[in-house]
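Report on one structure; see the data block that follows.
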Amino acid sequence: MIRKGMIPVPRPLKLGLMLAVFGTIFYITHFHYELRPSDVRDIVLSFGWWGPVVFFLIYAIGPVIFLPTSILSLGAGLAFGVWPGVLYILFGATAAAVTGYVMARLFGRSVLKVDSYPWSEKLFTQMEQRGFLYVFVLRLIPLVSFDLLSYAGGIAKVKFKSFLLATVLGMIPGTLAYSFLGASLASGSVTLIFIAALVFVSLLGVTYYFREPVKKWLGLV
């Protein structure tokens with residue numbers, strides 16, 4: 001509702017302003033300021049009690065400006081520890097997944113050049129039929145990038161509830177590993193860092209080992 005005396009802002013101008021804001025953030029974070037986990041920690045902690053909210057918002061807009069989720073997750077571990085770091089990462093990553101999903105539902109295939117991937121059509125076809133299973137397995141064994149899977153879920157029109165539940169459940173192991181690794185680095189304990197690194201590398205090893213079998217099982221080869 002437009003109040004009396006207010007000048008309505010044309011829709012193209014609103015869109016242009018929004019793109020300008022996101023474009024500026026993208027330019028700063030990718031070309032003028034190399035974002036590191038320690039930077040995420042410093043930014044978040046500088047807001048005090050509002051830190052978790054700021055972290056949530058940064059993670060939520062990540063798919064729009066292509067912020068690396070791994071850097072954000074490690075930053076949360078550094079800032080908040082294993083707990084409540086795990087919880088904040090889950091909330092933030094879920095918000096990022098929803099952002100990607102909604103963008104794909106709104107803009108369709110124009111949101112990303114998905115046709116450039118040879119397996120894209122197979123993925124969309126299978127996700128339309130077994131959305132929950134595909135999203136869950138590909139969150140658990142990340143054969144495709146986090147944001148790309150979110151876009152694919154929206155394009156394939158996976159039911160939102162199924163997409164959300166599969167995303168949360170599939171992210172739990174990786175979230176624990178990132179949070180533990182970040183917290184260990186913050187502690188400075190060599191023993192703790194070694195254990196966390198071992199857990200993290202083991203998870204990567206399991207992912208790599210099951211990569212090809214999962215591809216075949218999902219019909220992506």
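Everything numeric in this text was worked out from a predicted model, so none of it was measured.
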Subject >> With sequence neighbours excluded, residues passing side chain to side chain donor-acceptor pair (under 3.5 Å) with Arg105 >> reply: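 Only Tyr101 meet the side chain to side chain donor-acceptor pair (under 3.5 Å) criterion with Arg105.
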**OP:** Check for a donor-acceptor pair, side chain of Arg139 on one end and backbone N or O of Phe146 on the other, with a separation under 3.5 Å.
**Re:**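 Present.
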Original post:
Distance-only, no hydrogens or angles: does the Ser179 side chain make a donor-acceptor pair with backbone N or O of Thr175 under 3.5 Å?
Top reply: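 No: the side chain of Ser179 does not pair with the backbone of Thr175.
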Under 4.5 Å between side-chain heavy atoms, hopping through other hydrophobics if needed: is there a path connecting [X] to [Y]?
X      : Y      : answer
Leu176 : Ile195 : yes
Phe91  : Ile58  : yes
Val86  : Ile172 : yes
Phe160 : Leu106 : yes
Leu57  : Leu74  : no

Original post:
Going through the checks in order, is the ring-ring contact (aromatic ring centres under 6.0 Å, His included) test met by Tyr178 and Phe200?
Top reply: CA-CA 7 Å; Tyr178 272 111; Phe200 192 79; 5.0 Å; yes
If I compare all heavy atoms of [X] with all of [Y], which pair ends up nearest, and what's the gap?
X      : Y      : value
Val168 : Leu90  : O-CD2, 4.1 Å
Ala79  : Leu45  : O-CD2, 3.9 Å
Leu181 : Ala196 : CA-CB, 3.8 Å
Ala95  : Ala60  : CB-CB, 3.8 Å
Leu203 : Pro173 : CD2-O, 3.9 Å
Gly182 : Leu78  : O-CD2, 3.2 Å

Subject >> Phe180 vs Leu192, side-chain contact (heavy atoms from CB on, under 4.5 Å): CA-CA, chis, key distance, verdict >> reply: CA-CA 9 Å; Phe180 185 29; Leu192 196 59; 3.7 Å; yes
**OP:** Check whether any side-chain heavy atom of Phe132 sits under 4.5 Å from a side-chain heavy atom of Leu165, and report yes or no.
**Re:**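 A side-chain contact exists here, since the closest heavy-atom pair is under 4.5 Å.
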Subject >> Tyr88/Phe80 aromatic ring centres below 6.0 Å >> reply: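 Between Tyr88 and Phe80, the centre distance is under 6.0 Å.
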**OP:** Begin from the C-alpha positions of Ser73 and Met171 and carry the test side-chain contact (heavy atoms from CB on, under 4.5 Å) through to its verdict.
**Re:** CA-CA 11 Å; Ser73 296; Met171 288 192 306; over 6 Å; no
**OP:** Answer with yes or no whether the side chains of Tyr59 and Thr99 bring together a donor and an acceptor at under 3.5 Å.
**Re:**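 Not at all, the side chains of Thr99 and Tyr59 share no donor-acceptor pair under 3.5 Å.
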